[in-house]
Amino acid sequence: MSTDVLSSNAGGTTMPVKRQKRRIPGWAKGAIWGLLAVGVLAIASYATGVNTLTSTNTAHTALRLALPILLCALGGLWAERAGVINIGLEGMMILGTWGAAWGAYHGGVWAGLISAVVFGALGGLLHAVATVTFNVNHIVSGVAINLLGLGVAKYLANLVFTPLSGNPRQSPPVPKFDTYSATFLSDWLSDLEKMQRVFISDLAGILNGLVTEVAPLTMIAIALVPISYLVLWRTRFGLRLRSCGENPVAAESLGVNVYLHKYIAMIISGGLAGMGGASLVLLAGGADYLENQTNNRGYIGLAAMIFGNWRPGGLLGGAALFGYADGLQLAGGGTAVLALLYGAVILLAVIVAVQLFRRQWIAAALGVVGAGALYAIYWTNDDLPSDLIPYTAHFVTLIVLAVASQRLRPPKADGALYRRGED
């Protein structure tokens, strides 16, 4: 069937006008990519004999480790959509870890969560004062926030926790969130996983890890992804906030209070980063407050946001990827990470085939070189050095950002200095 329709111009003649092709919804694209990822992992698991790639334990651990990255990425999204680069997510997250431990010790888990959000929001407010009111360079202010967050948390821990725990680098034991499981669904998925059928058992293992021992904080964090999308893209407030990140001068000319919207975005950004810190302290399986507990997850969250092209759905995929890489090295060690390299080779082979179909010869050649290098590492090693394994997520972050850098589109005025009334 033809996609042309007839339209008339000023002279009365009719001309064919092509209809725009219907685009695939974002959620459908995400589902397709998710199924493709599961398929690649299933093939790699079958070929290497490493079932850890898609086990329930790996998926459960990955979900817990992805939460702080996801929440920091959401915090970065709110800030940068308003035009403020938030390198200080790490420092706000550190403040959140201390606030979570202090609040939970004195008032329970929900008090700890609220305290973490407040401490993180204070870091975001300070960043807003520096960048929005005083026009300090966003990168300089963000680095200062990171150093300040680390120093303030260390000072407060020494002041408050030392009399309680006897250790200035660690809090006393704090309560954790209770967890809940979808028992009927979990039992059914466990039976499917034990059947060891390619793809079906792999998908069942991953889903089982996502519905077993889930904390309320986990559900809140995941719900914040569609909530952020609806607020930023489907409300008048969100439109005004995003206009501040695209063209603040034009937004001001239309009556938008640019300063106010940037301040609100930064407070929300800091609060989300603080909530990410709370997830490290208050979730079952995690440690109590420890010095340097965040382990650069704030930066990885920023990378997840960039990988997601400043969109909620995209950053969810980035957080899942980085959390999975981190969870895999904990659940399976070097052997599992090597099996993941085998899966990366399969994925690159698919990408090369697509690039050849599109006649993108240079991209296809680079894909072949990358696949060959990864396969050489896999073939020549039975295990990876134990010193490198903890940095799996960091390596994945660098590789993914290098690959994704060609399709990124940040807000036009992201990081630009702005003063009210100036053109």
Approximate separation, where rounding is to 0.5 Å, of [X] [atom1] and [Y] [atom2]:
X: Ile85; Y: Ile139; atom1: CD1; atom2: CD1; value: 4.5 Å
X: Arg420; Y: Tyr418; atom1: CZ; atom2: OH; value: 6.5 Å
X: Leu207; Y: Thr212; atom1: CG; atom2: OG1; value: 10.0 Å
X: Leu232; Y: Leu77; atom1: CG; atom2: CG; value: 5.5 Å
X: Leu192; Y: Leu203; atom1: CG; atom2: CG; value: 9.0 Å
X: Ile206; Y: Leu189; atom1: CD1; atom2: CG; value: 11.5 Å

Please name the pair of heavy atoms, one in [X] and one in [Y], separated by the smallest distance, quoted to 0.1 Å.
X: Phe307; Y: Gly317; result: CE2-C, 4.2 Å
X: Leu408; Y: Ile306; result: CD2-O, 3.0 Å
X: Asn208; Y: Ser186; result: OD1-OG, 2.8 Å
X: Ser279; Y: Leu217; result: CA-CD2, 3.6 Å
X: Gly370; Y: Leu348; result: C-CD1, 3.8 Å
X: Leu53; Y: Ala336; result: CD2-O, 3.8 Å

Counting distance only, does the side-chain N/O of [X] pair as donor-acceptor with the main-chain N or O of [Y] below 3.5 Å?
X: Gln293; Y: Asp288; answer: yes
X: Ser115; Y: Gly112; answer: no
X: Thr97; Y: Ile94; answer: yes
X: Ser165; Y: Gln170; answer: yes
X: Arg81; Y: Leu241; answer: no

note = The salt bridge (charged side-chain N to carboxylate O under 4.0 Å, His left out) partner of Glu246 among Arg409, Arg240, Lys412 is Arg409
Answer whether the closest heavy-atom distance between the side chains of [X] and [Y] falls below 4.5 Å.
X: Thr58; Y: Thr54; answer: no
X: Leu417; Y: Asn137; answer: no
X: Leu366; Y: Gln355; answer: no
X: Thr61; Y: Arg64; answer: yes
X: Phe134; Y: Val129; answer: yes

inquiry  = By the ring-ring contact (aromatic ring centres under 6.0 Å, His included) test, which pairs, at least two apart or in different chains, include something from residues 172-227?
reply    = Trp110-Phe177
inquiry  = Once ring-ring contact (aromatic ring centres under 6.0 Å, His included) is applied, what residue pairs with a partner in residues 220-242 remain, sequence neighbours excluded?
reply    = Tyr229-Trp233, Phe237-His261
request  = Start with the C-alpha gap between Leu330 and Leu65, add the side-chain angles, then the distance that decides, and say whether side-chain contact (heavy atoms from CB on, under 4.5 Å) holds.
outcome  = CA-CA 10 Å; Leu330 286 178; Leu65 295 176; 3.5 Å; yes
query = Does the separation of the ring centres of Phe161 and Trp98 fall below 6.0 angstrom?
reply = yes
Over 12 non-hydrogen atoms of neighbours within 6.0 angstrom of CG in Leu159 = yes
ask   = Is the count of non-hydrogen atoms from other residues, nucleotides or ligands lying under 6.0 Å from Lys176 atom NZ greater than 12?
value = yes
task = Could you walk me through whether Leu290 and Arg169 pass the side-chain contact (heavy atoms from CB on, under 4.5 Å) test, one step at a time?
result = CA-CA 6 Å; Leu290 294 171; Arg169 297 185 176 183; over 6 Å; no
request  = Hey, could you give me each pair passing salt bridge (charged side-chain N to carboxylate O under 4.0 Å, His left out) that has a residue in residues 178-206? Not counting sequence neighbours.
outcome  = none
inquiry  = Please determine whether side-chain contact (heavy atoms from CB on, under 4.5 Å) holds for the pair Leu126 and Leu148, giving the CA-CA distance in whole Å, both sets of side-chain angles, and the decisive distance to 0.1 Å.
reply    = CA-CA 10 Å; Leu126 183 60; Leu148 184 64; 3.3 Å; yes
Does one side chain, of [X] or [Y], offer a donor that lies under 3.5 Å from an acceptor on the other?
X: Asn51; Y: Ser55; answer: no
X: Tyr263; Y: Asn257; answer: no
X: Ser141; Y: His127; answer: yes

query = What do the steps show when you test Leu63 against Thr218 for side-chain contact (heavy atoms from CB on, under 4.5 Å), and what is the final call?
reply = CA-CA 8 Å; Leu63 177 62; Thr218 304; 3.9 Å; yes
